Number of protein chains: 2
Amino acid sequence: MATIYDVARVSGVSPKTVSRVINRDGAVKKSTKEAVEKAIAELGYVPSTAARAMRSNKSGLVGLITGAISLSPSRADVSGLPDLFIVQGIQKAMEASGKTLLIADTGGQTDRVPQLIRTFEEHRVEGIIYVADHHRKVSLPPVSKSTKLVLANCYDDVGTPAVIPNDYRGQFDLVTSLIAKGHRRISYLSLSVHREATKHRSQGYRDALDRAGVAFDPTLLIPADVDASDSEAEVQLLWDAIDRVLSLPEPPSVICFGNDRMAMRAYGILRSRGISLPDDLSVAGYDNHKLITQTLYPTLTSAELPYAAIGIRATDLLLGMINGTTDAPAAPIQVSGPIAPGKSVKELPTPITKLSSIRRTTK
Amino acid sequence: MATIYDVARVSGVSPKTVSRVINRDGAVKKSTKEAVEKAIAELGYVPSTAARAMRSNKSGLVGLITGAISLSPSRADVSGLPDLFIVQGIQKAMEASGKTLLIADTGGQTDRVPQLIRTFEEHRVEGIIYVADHHRKVSLPPVSKSTKLVLANCYDDVGTPAVIPNDYRGQFDLVTSLIAKGHRRISYLSLSVHREATKHRSQGYRDALDRAGVAFDPTLLIPADVDASDSEAEVQLLWDAIDRVLSLPEPPSVICFGNDRMAMRAYGILRSRGISLPDDLSVAGYDNHKLITQTLYPTLTSAELPYAAIGIRATDLLLGMINGTTDAPAAPIQVSGPIAPGKSVKELPTPITKLSSIRRTTK
DNA sequence: CATAGCTATGACATCGGTGTCATGACATCG
DNA sequence: CGATGTCATGACACCGATGTCATAGCTATG
């Protein structure tokens, strides 16, 4: 690979002048500049970031730690990769900054994180973003204090800057939109109670009912998800939960599921019970995992988990911290997403008076 | 960030001796070694890869170009991310080599590739892997000849080393497995004929029929996929194709689809026509996109596109070329995957004699 | 006991850029 | 016409690691 000295020799100037041409730094005579550019083109010269980094003590690198790419085998078997959209958002936001992204993957083993951080520090990254696969609390090993750290889709208890989804708001908005379509008996078959998201979403569900003057019925709210990735158990639990709410004296007109994958399973289960969607029953998911929501027939209504936005916010935050233009926020930044409407929710006839009263309360 | 000079000063030795301790290079007295290690721990010293790279002229970096992470918006809307598993395979294989992976994303715009290659060359990557989103022919800008290049899931006409899926074999094995289950009327609603995969898979389909002594019926083979990502048109085309084959005087007992997503759509379409899976009709997909095949109810039989294996093979090939231990292969390396059986294919009763004759021909 | 050979260590140069400072050639101004 | 300023350019040092070579202090060998 050609060096700046090669270019200098070929164009008959000093390396420093070549450097000036490359960086448009200082005054260079037009003829000199052209000669240098010709030599650069001839030699296919590309400046070495390693040498630059050493001189300037700035690597121009940002590290990203994720499990989204090489997942643990058990997860890869069944799950989608929605958290990958966070990585996508980060890529997009990073692009504009001119920095290069180093992506490292935990391979599902969190104990590899210190090793990855070490590698990043060897490369003198200016900052690190840690992406979690779902909204949760984490605990990371310390990084050198000259390296900025931002958490995406997770938070810790030592006040590391973090960007997380607004689960409360998502479920609140989803249920509010169902109410606006005339639904009153709204069941929620949630994720496992051990998920960080579940408590916030459940509260959003209750508050949305509350605001519309609909009484909360605890028999309609059932966690129907297991933590273990045991596909058989998942189906059984879901089947049973659906059975329970549909057997109620006053069954729901719509069921919200903890995520789109549960809803996808429910499509098969409900149809095998002879229930037609959305005529007999409406269904809503969560995540707006588009492969699912848009490919299912009928398309699935879902609350969008704003993964890309989380990635972008996290990147902007990190870049701001690197530049020194942004201070670390005191509390996690919450990002909310829209409701993605599908054809899985039927509009129910509702007295005009009720509708207008809902509109009023929604304002 | 502390340097090797800081460590040398604190431990009272020369930088070179510190270097020796770090690299276990040459003889160092035990007491000296301990003093140096103590200083390293105290200062939190981490060697700089930039400085190392400059001295050794080896960056330890490998570049990866993909569209799998930040997809073009239109694609992200509807598609899964199966090609991401190639990236996963590459990560896994690269890990063991001690090299660091630089991942760059085209963001769906292939015209950004030269820019990405340029960035990689600035970082003096030792090799580059280019990953395509589906099996196809590509044409990449030239890279400096000291940089090795390997194509994954694609190939070109200038003989760049490439690793591609064996589409012929996949469809052949799938159809053969259907025949073994007693099916004789086998329909194939393929991807668009413009896809590289389609011609190979169609041939595999025909050869498998041929081998089993089943006559090829052109009315059973219909391309049912559009190139544009127009969801509405996709559904219509699929609906119509299904309608055509089911209206035949002698309808198929099983339909193979061009990919799992088409099969997923078909589940909804077939059920809305009152057809029960797999009792009335069997269905098979392609890709073994596990989110689909294992979450659908009933689970979907599919030919596995060996994405992870492609990634691993591509990585091994590249690393071999970097080390100089492997020569560039003359023709693309073809990788095949297994058939992933699901519950969407029903076993049909077949005369013993016929079954045994099939077994004979399959050997 | 002299010398070759080994052990443990350091001085110095080098990798490829760039910041600092110096310098020669002109132009401008009083 | 000499002093001053500007423009264009180059010499040199430095960033952090490491390969090469040198060397002081030992030990084994004839």
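Chain naming here is simple, since letters A, B, ... match the order of the sequence lines and numbering starts at 1 in each. Here the structure is a predicted model, which means the values were calculated and not measured.
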Participant: Phosphate oxygens OP1/OP2 of D/dA17: is one of them under 4.0 Å from a side-chain N or O of B/Tyr45?
Facilitator: yes

Participant: What's the spacing between A/Glu121 CD and B/Tyr45 OH if we round to 0.5 Å?
Facilitator: 12.5 Å

Participant: Can you tell me the pairing partner of C/dC29 across any strand shown, Watson-Crick or G-U wobble, with both distances under 3.5 angstrom?
Facilitator: D/dG2

Participant: Starting at NZ of B/Lys29 and ending at P of D/dA24, how long is that distance when rounded to a whole Å?
Facilitator: 17 Å

Participant: Taking the basic N atoms (NZ, or NE/NH1/NH2) and the acidic carboxylate oxygens, is any pair closer than 4.0 Å for B/Glu42 and B/Lys38?
Facilitator: yes

Participant: Do the side-chain N or O atoms of A/Ser48 get closer than 4.0 angstrom to the phosphate oxygens (OP1, OP2) of C/dG16?
Facilitator: no

Participant: Round to a whole Å and report the spacing from CZ of B/Arg55 to P of D/dC14.
Facilitator: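 Taking CZ of B/Arg55 and P of D/dC14, I get 18 Å after rounding.
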
Participant: For the side chain of A/Ala51, starting at C-beta, report the closest nucleotide among C/dT18, C/dG16, D/dG19.
Facilitator: C/dG16

Participant: Please determine whether a side-chain nitrogen or oxygen atom of A/Thr32 lies at a distance below 4.0 Å from atom OP1 or OP2 of D/dT9.
Facilitator: yes

Participant: Using Watson-Crick or G-U wobble geometry with both distances below 3.5 Å, tell me the partner of C/dT3, or none.
Facilitator: D/dA28

Participant: Does the side chain of B/Thr17 get closer than 4.0 angstrom to OP1 or OP2 of C/dG10 through an N or O atom?
Facilitator: yes

Participant: Check the distance between D/dT18's P and B/Lys58's NZ and give it to me in whole angstrom.
Facilitator: 13 Å

Participant: Of all the choices, D/dA17, D/dA8, C/dG17, which nucleotide is nearest to the side chain of A/Ala27 once you look at every atom?
Facilitator: D/dA8

Participant: Hey, which sits more toward the 5' end of DNA chain D by its nearest nucleotide, B/Ser19 or A/Pro15?
Facilitator: A/Pro15

Participant: To the nearest Å, how far apart are A/Ile4 CD1 and C/dC15 C1'?
Facilitator: 13 Å

Participant: Looking at B/Lys29 and B/Glu34, is there a salt bridge between them, counting it only when a charged N and a carboxylate O are closer than 4.0 Å?
Facilitator: no

Participant: Assign each of B/Gly26 and B/Met54 to its nearest nucleotide of DNA chain C by heavy atoms, then name whichever residue's nucleotide is nearer the 5' end.
Facilitator: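 The residue mapped nearer the 5' terminus is B/Gly26.
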
Participant: On DNA chain D, does the nearest nucleotide to B/Asn23 precede the nearest nucleotide to B/Arg20 from the 5' side, or the other way round? Give the residue.
Facilitator: B/Asn23

Participant: Atom CD of A/Glu122 to atom C1' of D/dA17: distance rounded to whole Å?
Facilitator: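 It works out to 12 Å between those atoms.
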
Participant: Establish whether the base of C/dG17 is bridged to the side chain of A/Lys16 by a donor-acceptor pair shorter than 3.5 Å.
Facilitator: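 Side chain to base: no pair present.
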
Participant: Rounded to whole angstrom units, what separation is found between the NZ atom of B/Lys33 and the C1' atom of C/dT9?
Facilitator: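 Nearest whole value for this atom pair: 16 Å.
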
Participant: Within this structure, what is the CG-to-P distance between B/Asn57 and C/dG17, rounded to whole angstrom?
Facilitator: 10 Å

Participant: Any salt bridge linking A/Arg313 with A/Asp316? Criterion: basic side-chain nitrogen under 4.0 Å from a carboxylate oxygen.
Facilitator: no

Participant: Is B/Val18 touching bases, backbone alone, or none of the nucleic acid, heavy atoms closer than 4.0 Å?
Facilitator: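 Nothing, no heavy atom under 4.0 Å.
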
Participant: Does A/Lys137 come within less than 4.0 Å of A/Asp156, counting only side-chain N to carboxylate O?
Facilitator: no

Participant: Which whole-number value in Å describes the distance from A/Arg9 CZ to C/dG16 P?
Facilitator: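 In whole Å, C/dG16 P lies 11 Å from A/Arg9 CZ.
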
Participant: Looking only at side chains, do A/Gln88 and A/Tyr307 share a donor and an acceptor under 3.5 Å apart?
Facilitator: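 No.
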
